[in-house]
2 protein chains.
Amino acid sequence: MHRGGVLAIGEFSRLTHLSVRTLRRYHDAGLLEPAIVDAASGYRYYTAEQIPTAQVIHRLRELDVPLPDVQRILRSPDPGARAALVADHLRRLEAELDRTRAAVVSLRRLLQPAQPPLDVELRAVPATTVAAVEDDVALDDVLAWYAGATAELDAAVDAPTGPPGGLYDNALFEDGRGHVLVHRPTAAPPRVGRVHPVTLPAVELAVTTHAGDHDDIAVTYGQLGSWVVANALAVAGPVRETYLVGPRDTTDPTTWRTEIGWPVFRVTDR
Amino acid sequence: MHRGGVLAIGEFSRLTHLSVRTLRRYHDAGLLEPAIVDAASGYRYYTAEQIPTAQVIHRLRELDVPLPDVQRILRSPDPGARAALVADHLRRLEAELDRTRAAVVSLRRLLQPAQPPLDVELRAVPATTVAAVEDDVALDDVLAWYAGATAELDAAVDAPTGPPGGLYDNALFEDGRGHVLVHRPTAAPPRVGRVHPVTLPAVELAVTTHAGDHDDIAVTYGQLGSWVVANALAVAGPVRETYLVGPRDTTDPTTWRTEIGWPVFRVTDR
DNA sequence: ATGCACCCTCCCCCCGGGGGAGGGTCCAGG
DNA sequence: CCTGGACCCTCCCCCGGGGGGAGGGTGCAT
């Protein structure tokens, strides 16, 4: 079992609290190579110096860092770069936590027995030319992208003639990636950096207003969807949000108001 | 595409932000049966009334509730029972969050360039008879089990002759389930409820002391493991912890002290 | 009647593990 | 030196909750 301070896989497992199976997997993945592999028998032998490495892997895995990322972290020799990669992951965990919190809020509202009825208005919107920033964005990156885009938009537009808005492609929610556009109406849309004029087509919108922060905005979306179907309409095109009152206006989330407009067309009943 | 307020799967997907694939999977799993399935074509048709259900599923999945549990929640008609099941899951999320926090603390300590050397003592411990509570426990349940067992132990032992301690089977960490024993030394161990006398065998222990709360105790375990190997010893039996200073003594975690003793035997060098 | 968007099923892949089969190795005791 | 048992090896299948893509049927407007 022992040859001069070298550990068989079972012993190493006991010392690191990683299962034998998992240690073998980490070997195959090139994450944690045994110090010695007996060529004849295939036996893996580890040294005590490998214990800290095994522990780092263990903790990273507890944080759900994917194995390739763990490898990248271990391979980066500079402690600074290593810390940066770890911090990067911690930010991702934080974002996930936010999503979890939002899901809990939504769920609470959904499970409430009495759902207040929704005020929905059918509104014909003419074609409008606005200053816009647009791109193909992954769902996970939408928030960060939105922050950058609005900042650029705000800097480029001097005299807005209305509140900012956004268009969100359905593919964003169905495939996790889609076209996103944020805009601000203004008399003469400039062309600066990513900001450029865009003419939004005329549409008929089913419009409702969501109150509060966006944690449970998906619930309002669902209710609007129900209304659309109940009124024999079908969805046609990217959803339009208008930020009537938002964090730019007040820090009190309960006063925030977001208008949700779903482009619709009348279904010829048959 | 439309037949009297009934939605094809694509339309329903757009309305609920669930992918078509996922909706089909939920159908197969019996989670969300379409209102109508065309017998000839196999086409699935949904109604607007199913949107809230789809949303509940979506939120639960965002909370990583397994599909069978989602089904259980949906099937429970009583809102109270439903809320209890959800609350149960939220507790599990909370526990996971604790583990994540601990992993971050451990990682921070592991990635610190300078590791202070560990004070380890080799100590021969004679056989002792103690009052104990023991059971086979899953790793996830250890904390809850420990709380119950110590409470029972404290109530049963009047005149302890030393601090409380615990024995943790290696299988607990390797297989996620193992034998756990908590004890308190006393002159005449009683036999009350789960509390009974146990004679702990004499062992040679490699002993070190962990300072602070247990978030990063795994790191100390690893360092002790390194020391054990470096001193040509091998692990033999369940680890022994002794809670010198703990939450029972003070609320300040920085003053807590846990003695970790790893049973060892000398390796005949060859 | 034709085009085309939509829908169907079926199979394989992803990740990070676990279970178990079937067989080789190490080593202490006799 | 032999034997038994603990230990180790590889290989294949399974899990959950999806995604990609092939190959083929349907619904409906023009």
* Nearest-Å distance for atom pair NE2/C1', residues B:H27 and C:dC8 -> 12 Å
* To do: Specify the separation, in whole Å, of atom CZ of A:R177 and atom C1' of D:dG19.
  => 15 Å
Atom pairs under 3.5 Å, N or O on each side, protein against nucleotides 23-25 of chain C: can you list them with distances?
unit_1: C:dG24; atom_1: N2; unit_2: A:Y43; atom_2: OH; d: 2.6
unit_1: C:dT25; atom_1: O4'; unit_2: A:Y43; atom_2: OH; d: 3.0

* d(CZ, B:F12; P, C:dC8) in whole Å -> 13 Å
* Please tell me if the side chains of B:T220 and B:R109 come closer than 4.5 Å, counting only heavy atoms from C-beta onward. => yes
* **All ring-ring contact (aromatic ring centres under 6.0 Å, His included) counterparts of A:F173, not counting sequence neighbours** => B:H17
* Do A:H214 and A:E241 have side-chain heavy atoms sitting under 4.5 Å apart? -> yes
* Using atom CD of B:E62 as one end and atom P of D:dG17 as the other, report the distance to the nearest whole Å. => 15 Å
* To do: Take the protein atom NE2 of A:H17 and the nucleotide atom C1' of C:dG17, then report the distance between them rounded to whole Å.
  => 19 Å
* To do: Output yes when a side-chain donor or acceptor of A:E11 lies under 3.5 Å from a complementary backbone atom of A:A8, and no otherwise.
  => no
* Give a yes or no on this: more than 12 heavy atoms of other residues, nucleotides or ligands lie within 6.0 Å of atom CG of B:L143. => no
* Starting at the 5' end of nucleotides 10-16 of chain D, put B wherever the base has a protein heavy atom under 4.0 Å, S where only the sugar-phosphate does, and a dash everywhere else. => B------
* Say whether, by atom type as modelled, one donor and one acceptor occur between the side chain of B:R59 and the main chain of B:L63 under 3.5 angstrom. => no
* Report the distance from atom CZ of A:F265 to atom P of D:dA29, rounded to the nearest whole Å. => 10 Å
* Contact under 4.0 Å: B:Y45 side-chain N or O vs C:dC7 OP1/OP2 -> no
* Taking B:S13 for its side chain and B:I9 for its backbone only, find out whether a donor-acceptor pair lies under 3.5 Å. => no
* **Sidechain-backbone polar pair: B:R82 side chain, B:S76 backbone, donor-acceptor under 3.5 Å** => yes
* Within the structure, does a side-chain N or O atom of A:S19 lie under 4.0 Å from either OP1 or OP2 of C:dG18? -> yes
* Spacing between B:R14 atom CZ and C:dC7 atom C1', to the nearest angstrom -> 12 Å
* Ignoring hydrogens and angles, answer whether the base of D:dG18 and the side-chain atoms of B:R25 contain a donor-acceptor pair closer than 3.5 Å. => yes
* Structure fact -> Only one of B:V228, B:V264, B:N231 passes side-chain contact (heavy atoms from CB on, under 4.5 Å) with B:L122, and that residue is B:V264
* Report the distance from atom CG of A:D38 to atom C1' of D:dC9, rounded to the nearest whole Å. => 11 Å
